[in-house]
Amino acid sequence: MSSSTLPDASAQVSGHAAANSTSAAELASLKVSLRSALRQFPDFPSPGILFEDILPIFANPTLHESLIRSLELEILAKSGGQKPDVIVGLEARGFLIGPSLALRLGAGFVPVRKQGKLPGPCMTQAYEKEYGQDFFQMQSDAIKPGQKVIVVDDIIATGGSAYAAGEMIKKMGGELLSFLFILELEFLHGRDKLPAPVNTLLSGQA
Ligand SMILES: O=P(O)(O)OC[C@H]1O[C@H](OP(=O)(O)OP(=O)(O)O)[C@H](O)[C@@H]1O
Ligand SMILES: Nc1ncnc2[nH]cnc12
Ligand SMILES: [Mg+2]
């Protein structure tokens with residue numbers, strides 16, 4: 001190793017550290033504006049549920065851009081260099097973020113839909129969520145064996161929806177890298193159900 005390598009290497013390391021701290025500062029500031037845009041509606045869709053409304057973020061192009069950038073930064077910070085092949089988004093609110101995020105990351109997008117919406121052979125999984133139960137489906141060939149997958153959705157409450165998606169992805173031979181949400185309802189401990197790391201931008205209803 002030449003004597004000039006060490007200073008170059010250490011300059012590179014401190015360059016990465018500076019870039020990481022810049023990204024962390026950017027992410028922290030974006031999260032503040034995203035949180036301030038959320039609205040809450042008591043007793044929707046049923047008594048006792050405090051509904052978290054994320055839609056104001058999408059009504060404002062600056063906040064919309066902040067959201068997609070935050071999700072991208074969160075993945076880059078937590079991925080340990082592992083790039084996803086596929087982003088899986090859950091119908092319906094997961095469709096608001098999945099395709100844009102997939103484009104940013106150069107990954108494919110695959111939908112998980114509610115039963116009866118997808119053509120051709122499908123895999124079906126029952127699930128329960130904070131205020132109901134339903135069936136999810138994916139097209140049976142949507143994930144190729146060995147593909148690296150990140151599941152995205154707006155909110156993790158009980159974790160039932162995301163768990164069902166993870167089950168189907170594993171049955172198709174996909175490798176679950178992580179789950180990513182805008183908001184976590186911590187008191188429901190949904191993350192404890194999930195079989196891969198769980199990353200969230202915001203938490204609430206502690
Ligand atoms: O962690 P869980 O308890 O499973 O709950 C979270 C899920 O519930 C909501 O979806 P929902 O199907 O109610 O509505 P949507 O069709 O508007 O996404 C939310 O968008 C998450 O997908
Ligand atoms: N409290 C809540 N607000 C919005 N979406 C939800 N999905 C599950 N629980 C929810
Ligand atoms: Mg949903």
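Remember, it's 1-based here, ligands and their atoms both numbered in the order they're listed.
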Test log, rule ring pair (Phe, Tyr, Trp, His ring centres under 6.0 Å), inputs Phe51 and Phe41: CA-CA 5 Å; Phe51 191 87; Phe41 291 88; 7.3 Å; no
Using a strict 4.0 Å cut-off to heavy atoms of [X], name the atoms of ligand 1 that fall inside it.
| X | answer |
| --- | --- |
| Glu91 | 16 (O), 18 (O) |
| Lys114 | 11 (P), 12 (O), 14 (O), 15 (P), 16 (O) |
| Ile155 | 6 (C), 21 (C) |

Set out, in order, the CA-CA distance, both residues' side-chain angles and the distance that settles salt bridge (Lys or Arg N to Asp or Glu O under 4.0 Å) for Glu91 and Lys114, then state yes or no. CA-CA 7 Å; Glu91 184 176 359; Lys114 289 168 186 172; 5.8 Å; no
Distance-only N or O hit between ligand 1 and [X], under 3.5 Å:
| X | answer |
| --- | --- |
| Thr158 | yes |
| Ala162 | no |
| Gly159 | yes |
| Leu90 | no |

Distance to 0.1 Å, residue and atom name: give those for the protein heavy atom nearest to [atom].
| atom | value |
| --- | --- |
| atom 11 (P) of ligand 1 | Lys129 NZ, 3.4 Å |
| atom 22 (O) of ligand 1 | Asp153 OD2, 2.5 Å |
| atom 7 (C) of ligand 1 | Ser161 OG, 3.6 Å |
| atom 19 (C) of ligand 1 | Asp154 OD1, 3.3 Å |

Check each N or O atom of ligand 2 against all protein N or O atoms and list the pairs under 3.5 Å, with atom names and distances to 0.1 Å, one per line.
{"residue": "ligand 2", "atom": "1 (N)", "partner": "Leu50", "partner atom": "O", "Å": "2.9"}
{"residue": "ligand 2", "atom": "1 (N)", "partner": "Glu130", "partner atom": "OE1", "Å": "3.0"}
{"residue": "ligand 2", "atom": "3 (N)", "partner": "Glu52", "partner atom": "N", "Å": "2.9"}
{"residue": "ligand 2", "atom": "5 (N)", "partner": "Arg93", "partner atom": "NH1", "Å": "3.1"}
{"residue": "ligand 2", "atom": "7 (N)", "partner": "Tyr131", "partner atom": "OH", "Å": "3.4"}
{"residue": "ligand 2", "atom": "9 (N)", "partner": "Glu130", "partner atom": "OE1", "Å": "2.4"}

All pairs passing ring pair (Phe, Tyr, Trp, His ring centres under 6.0 Å) where [range] contributes a residue, at least two apart:
| range | value |
| --- | --- |
| residues 175-206 | none |
| residues 54-92 | Phe58-His64 |
| residues 126-158 | Tyr127-Phe136 |

With distance as the sole criterion, is a donor-acceptor pair present between the side chains of Glu184 and Ser203 under 3.5 Å?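 Per modelled atom types, Glu184 and Ser203 side chains form no pair under 3.5 Å.
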Under a 3.5 Å threshold, yes or no: a donor from one side chain and an acceptor from the other, between Gln205 and Glu186?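 No, because no side-chain N or O of Gln205 sits under 3.5 Å from a partner of the opposite role on Glu186.
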Looking at Ile169, Ile150, Val88, which one forms a side chain to side chain contact (heavy atoms under 4.5 Å, CB included) with Leu176?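 Looking at Ile169, Ile150, Val88, the match for Leu176 under the side chain to side chain contact (heavy atoms under 4.5 Å, CB included) is Ile169.
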Which option out of Phe95, Phe181, Tyr131, Phe51 puts a heavy atom nearest to atom 13 (O) of ligand 1?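 Closest candidate by heavy-atom distance is Tyr131.
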Can you check which of Arg93, Glu128, Lys193 brings a heavy atom nearest to atom 9 (C) of ligand 1?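 Answer by nearest heavy atom: Arg93.
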Gln147 vs Glu175, test: side chain to side chain donor-acceptor pair (under 3.5 Å). Steps then yes/no. CA-CA 6 Å; Gln147 281 190 315; Glu175 182 190 339; over 6 Å; no
Working note: Glu65 + Arg104, criterion salt bridge (Lys or Arg N to Asp or Glu O under 4.0 Å); need CA distance, chi angles, decisive distance, verdict. CA-CA 11 Å; Glu65 167 60 31; Arg104 289 282 174 107; 2.7 Å; yes
Using side chain to side chain contact (heavy atoms under 4.5 Å, CB included), reason through Lys148 and Gln82 one step at a time and then give a plain yes or no. CA-CA 8 Å; Lys148 295 183 174 62; Gln82 295 238 74; 3.0 Å; yes
Are Leu71 and Leu194 connected, step by step, through hydrophobic side chains (Ile, Leu, Val, Met, Phe, Trp, Tyr) whose heavy atoms are closer than 4.5 Å?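 Unlinked, Leu71 and Leu194 end up in two clusters.
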